[in-house]
Structures are given as structure tokens and as C-alpha cells.
2 protein chains.
Amino acid sequence: MSDFDPQMLKGLLTLLLLSLLAERDDYGYSLVERLRAGGLGEVAEGTVYPALARVERSGYVATYHVPSDRGPARKYYRLSEAGRDELHARVDAWHRLAHVVEHFTKGIEL
Amino acid sequence: MSDFDPQMLKGLLTLLLLSLLAERDDYGYSLVERLRAGGLGEVAEGTVYPALARVERSGYVATYHVPSDRGPARKYYRLSEAGRDELHARVDAWHRLAHVVEHFTKGIEL
DNA sequence: CTAGGTACATGGCATCACTATGTAGTCGTG
DNA sequence: CACGACTACATAGTGATGCCATGTACCTAG
């Protein structure tokens with residue numbers, strides 16, 4: 001249903017992943033499903049896995065493996081202190097950006 | 001002051017430019033100043049001019065030149081019908097996206 | 001004549017989402 | 001047992017777009 005301009009999503013995916021991980025530890029495949037259920041269109045796995053690799057390289061998450069009885073082992077991600085800081089910074093940046101966009105777009109629908 | 005993650009801006013610049021042009025016809029250099037005054041950080045001219053070239057190629061604007069007594073001739077942009085439609089579509093997409101992000105970020109404890 | 005503001009434009013770079021593809025474990029059904 | 005479907009992770013190549021640096025040119029002030 002709701003399918004967005006891919007360019008509008010840039011940078012936001014990291015914010016959304018960190019938000020989901022702030023709620024609870026989770027693994028990639030499950031995060032994809034949560035993103036889709038949350039109203040983000042057809043998020044591809046090929047988008048999410050590299051994004052998770054980036055946040056891991058940045059030190060925003062730690063990882064651990066848990067075997068599954070429904071398939072291969074799951075790679076869980078846990079938000080680190082640095083990740084929590086980054087999340088708050090990005091939420092703040094998002095709100096500031098949203099206000100700016102609101103400022104520019106208010107009053108156009110006359 | 002407010003400097004944003006360049007990635008978060010992706011795709012939004014077109015929306016902001018169309019919004020400004022919905023208010024009134026304007027030229028590139030002036031649009032850069034209006035964006036800066038509106039709270040968007042240090043937007044580079046090298047970002048805005050290619051963006052304007054894109055919206056022109058897409059048929060969202062028509063252009064005309066007006067001589068200036070303070071410098072070279074100004075290239076004015078006027079929103080077309082297609083541009084107005086595109087603007088409304090992008091504003092709508094933005095609101096839907098903002099709603100989704102809000103959904104994912106609400107409930108983040110401090 | 002030089003400096004600085006005005007005004008437009010381009011080229012190379014980096015980031016990041018998308019598509020397509022590959023690997024592999026588990027389960028239900030024929 | 002073979003097969004397809006679902007689960008689960010990962011990478012390579014491509015494209016869109018914002019950023020920086022740079023170039024051109026006009027005008028006014030000192």
C-alpha cells in the first residue's frame with residue numbers, strides 16, 4: 001500500500017532500526033517484518049541487512065547468535081550506549097527537520 | 001545553526017523547492033537564501049542548481065530570464081500544472097512518512 | 001584595479017536504498 | 001525421499017541525489 005519515494009527514506013532507515021531495537025533486542029528478518037507491519041512499504045531484505053551491518057560497524061549495536069527451530073540461526077542486535085545516544089540525536093534531528101518542512105509547506109494548499 | 005544529516009534531506013529538497021515556487025516565482029540564488037533563512041542549514045548552491053535543473057527536465061517548472069541591476073540575469077522558475085500536482089503528491093507522501101516515523105519513534109524512553 | 005556580493009553551472013565523490021542473486025536450515029506434502 | 005515454501009543472512013551492481021570544489025560572468029564600492 002504505502003510505498004514511499006526511496007530517496008525520502010534515506011537516513012531514516014537507521015533511525016527506525018535503532019528505534020525498534022530500543023524497544024527490544026531483535027534479529028534482521030524480524031525487523032523487516034516489523035517495518036512492513038508498521039506501514040513502511042515493501043522494505044527489501046537487501047536494504048535492511050546492509051543497514052544493520054552499518055550500525056554494527058558504527059558501534060551502535062552488539063550482536064549475538066541464537067539458534068532457531070524454524071530455520072538458520074538468528075543474528076540478534078542489542079542497542080549499545082552509543083547506539084542509544086545516536087538514536088536520541090537522530091530523533092531530535094528528525095523533529096527539527098519535520099518542523100522546517102512544516103514551515104515551508106504550510107499554506108500551499110489554497 | 002540547524003545542520004542536518006545530508007541523507008535525511010534526500011528527496012526533500014525537491015519538495016521544498018516546489019513549495020517555495022508555489023508561493024511565488026523565484027530564481028535560484030534567491031531560493032538558496034530562502035532555504036537558509038527558513039532554518040535549513042548551509043544549503044550549497046551546488047546542491048540547489050542541479051535540483052532545479054531536474055525539476056525543469058521533469059516539466060514541473062517553466063523558466064524565464066529577467067535582467068538584474070545587481071548582477072547577471074536571473075533565471076526565474078514558475079510552477080507548472082504538473083509541478084503543482086507533483087507538489088501535492090509529495091506533500092501527501094511526506095505526511096504519510098512523518099506519520100510512520102512518529103509511530104516507530106513514539107515510546108522511546110529517555 | 002581589486003574585492004566582494006550576485007548569479008548560474010558543472011564534475012567528481014560518497015552515501016544509501018533497490019534489485020537480483022546466492023547460501024543454507026527447517027518443515028509439510030506428495 | 002524429493003520438492004517447494006518459509007525462514008534467515010549476505011553481497012554485488014546500479015541509480016538517485018546531496019556535497020565540495022571550481023569556473024564563469026556581471027555589478028558596485030573603495
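Proteins come first, then strands; the chains are lettered A, B, ... in the order of their sequence lines, and each starts at number 1.
Evaluation of the side chain to side chain donor-acceptor pair (under 3.5 Å) rule for A:Y60 yields A:E86 as partners, not counting sequence neighbours. Residues passing the side chain to side chain contact (heavy atoms under 4.5 Å, CB included) test with A:S19, sequence neighbours excluded: A:L15, A:L87, B:T105, B:I108. Scored by the side chain to side chain donor-acceptor pair (under 3.5 Å) test, B:Y27 finds B:R74 as partners (sequence neighbours excluded). Listed by chain and number, the residues in a salt bridge (charged side-chain N to carboxylate O under 4.0 Å, His left out) with B:R34 are B:E23, B:D26 (sequence neighbours excluded). Not counting sequence neighbours, A:D69 has no partner by the salt bridge (charged side-chain N to carboxylate O under 4.0 Å, His left out) test. Residues that satisfy the side chain to side chain donor-acceptor pair (under 3.5 Å) test with B:D25, not counting sequence neighbours, are B:Y64. Remark: A:V32 engages A:R36, A:E45, A:V48 in a side chain to side chain contact (heavy atoms under 4.5 Å, CB included) (not counting sequence neighbours).
The stretch residues 19-35 of chain B touches DNA chain C through B:Y27, B:G28, B:Y29, each having a heavy atom under 4.0 angstrom from the strand.
Within the structure, ring pair (Phe, Tyr, Trp, His ring centres under 6.0 Å) pairs that include any residue of residues 33-58 of chain A do not occur (at least two apart or interchain). Residue pairs satisfying the salt bridge (Lys or Arg N to Asp or Glu O under 4.0 Å) criterion with at least one member in residues 47-66 of chain B, sequence neighbours excluded, are listed as follows: B:E56-B:K75.
For C:dA7, the OP1/OP2 oxygens have a side-chain nitrogen or oxygen of B:R74 closer than 4.0 Å.
Extent of DNA chain D lying under 4.0 Å from chain A heavy atoms, first and last nucleotide in 5' to 3' order, is D:dT7 to D:dT17.
Mapping A:K75 and A:D5 onto DNA chain D via the closest heavy atom, the residue that lands nearer the 5' end is A:K75.
Using a 4.0 Å heavy-atom criterion, one finds that B:A53 contacts no nucleic acid atom at all.
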Using atom names, set out every protein N or O paired with an N or O of nucleotides 17-24 of chain C below 3.5 Å, distance rounded to 0.1 Å.
| unit_1 | atom_1 | unit_2 | atom_2 | d |
| --- | --- | --- | --- | --- |
| C:dA17 | OP1 | A:G11 | N | 3.2 |
| C:dA17 | OP2 | A:R54 | NH2 | 2.6 |
| C:dC18 | OP2 | A:T47 | OG1 | 2.8 |

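Taken to the nearest 0.5 Å, the CG atom of A:L97 stands 6.5 Å off from the CG atom of B:L9.
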